[in-house]
**Student:** 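Have a look at this one before I ask anything.
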Amino acid sequence: MNAALERQIAGLNPRQAEAVGITEGPLLVVAGAGSGKTRMLTMRIAALIERHGVDPTAILAVTFTNKAAKEMRERVQALLPGRGEAVTLTTFHTFCSQLLRKWHEAAGFPEGFTIYDEDDSEKLMKLVLADLNLDPKKCTPRAMQSVISQAKNELQGPEEFKPPHPEAERIKAVYKRYQEALTKNQAMDFDDLIFCVWKLLNARPDLLARLQERYRYFLVDEYQDTNTAQYKLIALLSSASRNLCVVGDEDQSIYSWRGATIRNIREFEKDFQGARVVYLEQNYRSTQGILDAASAVIANNAGTHKKRLWTTNGAGELPRFIHAADDREEADRIASEIRTLERDGIPYGEMAILFRMNSLSRTVEQALSSRTIPYEVTGGLKFFQRREVKDILAYLRFLGNRNDSIALRRIINTPRRGIGDTTVSKLAASGDLWGEVMVQAGASPRGKIAAFLKLMEELVGTAEHATVSALTKAILDRTSYFDWLNETEEEKEAEDRISNVESLLADIRFQEEENPQLSLREYLEKVALHADVDDLDETAERVHLMTLHNAKGLEFPVVFLMAMEEGVFPHHSSKDLPHQLEEERRLAYVGMTRAMRRLYMTAARRRMMFGGWTGNLVSRFISEVPAGMLTGRPAGGSGSAGTNWHPTPGSAASFSFLKSQAPAEESRDIRTPNPATQAPGYSFRKSTETSPAAESRSAAPDHPANSEPGTMLNLQSGSDVFHQVFGKGRVALVEGRSLGDFRLTIDFEKVGRKTLLLQYASLRVIKKQHTQEVKGC
DNA sequence: AACTCTGATGTGAGA
DNA sequence: CATCAGAGTT
């Protein structure tokens, strides 16, 4: 009997306790926004082990992002030190990828298969379409990808697939060729990961049986966002034990465009006979005013598992609407409001600006920058998508899989070595690009191709014994990649790119610090399955900017939902299709329910978009909030809320409420992850972000908001610092002369003494020696 | 044969 | 406003 656990379970509300108590058989937990489902899930796992004697290794819990998995793992470990680790807590894609590595032979793949991201698959698709002589105007690679992705999500191969399309035969042919091309490259796309596991387990009952013997208890988080393949897979795995618990909320289903089908949660009781259903309707996150407004919006959707969210957090303030004349003014209003709130004691890190699409962040970023308000963008142009990063990753990928012709095509003339498109096309004509490279190199041993081959052979040799970071360093050295950037790019651009590559190297070193055995394969898998939110740092004292999709599962005391305009949100391509409009509405619901204490919704009358002005009407989602549930909106509808708007008198005073009201325990759990175990590696974002390398390299005058001046330089022994992996520590020794080789010896509270390279260690200064300035407190 | 410039083009969310 | 393909230049 674990007293701490029992105490925590006793603190659950009756419905949560019920969900924790039903351990056998199929169970659907309808978990409204902010209803403490993560808490319930972790307790459930702990209770299975502690109360019911379930072997931790028999539990498989699946979430959608690595971040969510990691948070849950930490919580389970905290409840059951020493045993929680044995629970399999992962994402669908990681689980499948690892299974395929383990059983690659049975699956018909080499162990080092590559996972293609959408860019890679698109390149491959282009080659396939060109090969089939198809008019790229008629069937764009993107369209083809989307159709094929749908097929895979429905577990249909090229043979079974019946595209609802006049050109069905042609599409099937493309699908077939695309699949052959993937196989030839020993590569899989995201959808294949799930599909291949499904095929493997159906073809090999013995392997399925092994999994079913091992795993007896299944949990799926965010069930409303599973696609058919994921649903069938989990149903198959759990069919022996029938202990399947899924948690979700159909009102928060926002990934249908990725193949997710709301049907899975709606039909759970039909799919799994005898299923029990528990509703979690008590909300621990928001005030009633926010919940009422959000509920009013979502009430316009049809739905099956209807909920009524309630809270004991009190009525709180009404959500506010701000109608600005244009996007600049909207951004200025948001920024100045943020500044006011901060002066009133709300830390920047407790505020978030959410938007429908990434391109909307620009004006807000400018407004924040001009007021030197620190912010952080999650998502957008992704780090691993940047050209220079992809270049280096392509080298690594090719070294890990010599059949990856997409990677080879990328590096064969990068940096420029005189092997252009024409040559590559000739070489590729045989269907074996790399093989032909070797043939041609033999034919003219003094030629450019031979030189390339020699380089690659050298690197292959290095790859055999070197660590991933050493290999990467070798790639950079042997190709003179930085020199090439300096020669061919503008100075500023080259600097940016170099610092991004350095950040990549820093990331690799981080991973190696965590796992000294890190293999190239593992690293590439991590990169491929990495999500933007995985590296969101909630503890950072910066305003968070992200899309609504990225905000799912998060919460912030203050939320700004911007660009609430017809055509933007709901997005113009969704307006006319009822089911798509419903998804947009769910997205609005997700956004509104992220707010704990204060919610702003903003719109602009005109907005600069795609290089031109558009005049937009206020979003219907604003109109769907009844009068009296929203302030700042003119009663008549077309009034001038914009020009008449002033901060509500007394708004400052109302913040004592924000500050004094202790957050519910649930909320605090979510929002205060243990810093020592916070996201280690992927600490990069857009170039506006500061990586240690970028920070020391350029003064970043354009982005005063993001620079933390002097934090990295002038470090002295005695300073208190914070490391993303090792937590808090004190600098014991500083060595080195130039930026490149500063070494810090740091005594960490948790893990003891470590020596780190300043250039690569993402450190934050908490307290400098000889100053009283305190950061981050 | 590779590099460079220009004009046309297409713009949603993301593991 | 980016990127990209294709024409024109080295």
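Chain letters run A, B, ... following the sequence lines, proteins first, then strands; residues in each count from 1.
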**Student:** Sequence neighbours excluded, which residues qualify as side-chain hydrogen bond (donor to acceptor under 3.5 Å, both in side chains) partners of A:Gln440?
**Tutor:** none
**Student:** Are the aromatic ring centres of A:Tyr375 and A:His544 under 6.0 angstrom apart?
**Tutor:**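 No; A:His544 has its ring centre 6.0 Å or more from that of A:Tyr375.
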**Student:** Quick one: does A:Arg586's side chain have a donor or acceptor within less than 3.5 Å of a partner on A:Ser253's backbone?
**Tutor:** yes
**Student:** Which part of the nucleic acid, if any, lies within reach of A:Phe92 when heavy atoms closer than 4.0 Å are counted: base, sugar-phosphate only, or nothing?
**Tutor:**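 No contact.
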**Student:** Look at the side chain of A:Arg356 and the base of B:dG12, then say whether one donor and one acceptor between them are separated by less than 3.5 Å.
**Tutor:**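 Yes, a donor-acceptor pair under 3.5 Å.
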**Student:** What nucleic acid atoms does A:Lys552 come within less than 4.0 Å of, heavy atoms only: base, sugar-phosphate, or nothing?
**Tutor:**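 Here A:Lys552 touches no strand at all.
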**Student:** Taking only residues two or more places apart in sequence, or in another chain, which ones meet A:Asp391 in a side chain to side chain contact (heavy atoms under 4.5 Å, CB included)?
**Tutor:** A:Arg387, A:Arg410, A:Thr414, A:Tyr481, A:Trp484
**Student:** According to a strict under-4.0 Å criterion, is A:Asn227 in side-chain N/O contact with OP1 or OP2 of B:dA15?
**Tutor:** no
**Student:** Whole Å only: how far is the CG atom of A:Asp119 from the P atom of B:dA15?
**Tutor:** 13 Å
**Student:** Can you name the atoms? Protein N/O to nucleotides 1-7 of chain B N/O, anything below 3.5 Å, with the distance.
**Tutor:**
unit_1: B:dA1; atom_1: OP1; unit_2: A:Lys426; atom_2: NZ; d: 2.8
unit_1: B:dA2; atom_1: OP1; unit_2: A:Gly418; atom_2: O; d: 3.1
unit_1: B:dA2; atom_1: OP1; unit_2: A:Gly420; atom_2: N; d: 2.3
unit_1: B:dA2; atom_1: OP1; unit_2: A:Thr423; atom_2: OG1; d: 2.9
unit_1: B:dA2; atom_1: OP2; unit_2: A:Thr422; atom_2: OG1; d: 3.4
unit_1: B:dC3; atom_1: OP2; unit_2: A:Arg416; atom_2: NE; d: 3.4

**Student:** On DNA chain B, nearest-nucleotide positions of A:Asp191 versus A:Glu584: which is more 5'?
**Tutor:**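 Upstream on the strand: A:Glu584.
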**Student:** Does A:Phe621 have A:Arg585 sitting over its ring (NZ/CZ under 6.0 Å from centre, angle to axis within 45°)?
**Tutor:** no
**Student:** Hey, does A:Asn550 reach any base, or is it just sugar-phosphate, or nothing, if we go heavy atoms under 4.0 Å?
**Tutor:** sugar-phosphate
**Student:** Parallel under 30°, tilted from 30 to 60°, perpendicular over 60°: which one fits the rings of A:Phe560 and A:Tyr600?
**Tutor:** parallel
**Student:** Which part of the nucleic acid, if any, lies within contact of A:Thr94, taking any heavy atom under 4.0 Å across all strands shown: a base, the sugar-phosphate backbone alone, or nothing?
**Tutor:**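 The answer is nothing, as A:Thr94 stays clear of every strand by at least 4.0 Å.
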**Student:** Can you sort out the partners of A:Ala407 under side chain to side chain contact (heavy atoms under 4.5 Å, CB included), two or more places apart, ordered by chain and number?
**Tutor:**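 With sequence neighbours excluded, A:Ala407 shows a side chain to side chain contact (heavy atoms under 4.5 Å, CB included) to A:Ala394, A:Arg397, A:Phe398, A:Asp404, given in chain and number order.
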**Student:** Walking along DNA chain C from 5' to 3', note the first and the last nucleotide with an atom under 4.0 Å from a heavy atom of chain A, and give both.
**Tutor:** C:dA2 to C:dA5
**Student:** Under 5.5 Å centre to centre and under 30° between planes: does that hold for A:His549 and the six-membered base ring of B:dG14?
**Tutor:**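 So A:His549 does not count as stacking on the base.
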**Student:** Please report the distance, rounded to the nearest Å, between CZ in A:Phe64 and P in B:dA15.
**Tutor:**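 The answer, rounded to whole Å, is 11 Å.
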**Student:** Look only at the side chain of A:Ser146 and the backbone of A:Arg142, and say whether a donor-acceptor pair between them is shorter than 3.5 Å.
**Tutor:**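 Checking the backbone N and O of A:Arg142 against the side chain of A:Ser146, no donor-acceptor pair under 3.5 Å is found.
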**Student:** In this structure, how many angstroms lie between the P atom of B:dG14 and the CD atom of A:Gln150, rounded?
**Tutor:** 19 Å
**Student:** Would you kindly give the CE-to-P distance between A:Met546 and B:dG14, to the nearest whole Å?
**Tutor:**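 Taking CE of A:Met546 and P of B:dG14, I get 11 Å after rounding.
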**Student:** Return the value, rounded to whole Å, for the distance between atom OH of A:Tyr116 and atom C1' of B:dG14.
**Tutor:** 20 Å
**Student:** Hey, is the main chain of A:Thr65 close enough, under 3.5 Å, to the side chain of A:Thr63 for a donor-acceptor pair?
**Tutor:** yes
**Student:** Base, sugar-phosphate, or nothing: which does A:Gln230 touch, judged by heavy atoms less than 4.0 Å apart?
**Tutor:** nothing
**Student:** Run the side chain to side chain contact (heavy atoms under 4.5 Å, CB included) test against A:Arg417 and tell me which residues pass, sequence neighbours left out.
**Tutor:** A:Tyr395, A:Asn413, A:Pro415, A:Ile419, A:Phe452, A:Leu455, A:Thr479
**Student:** Given atom CZ of A:Arg585 and atom P of B:dA13, what is their separation to the nearest angstrom?
**Tutor:** 21 Å
**Student:** Closer than 4.0 Å, any side-chain N/O of A:Ser574 to the OP1 or OP2 of B:dG12?
**Tutor:** no
**Student:** Starting at NZ of A:Lys526 and ending at C1' of B:dA15, how long is that distance when rounded to a whole Å?
**Tutor:**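 Value for this atom pair: 16 Å.
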**Student:** A:Asn153 has an atom CG; how far is it from atom C1' of B:dA15, in whole Å?
**Tutor:**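 Rounded to the whole Å, the gap is 11 Å.
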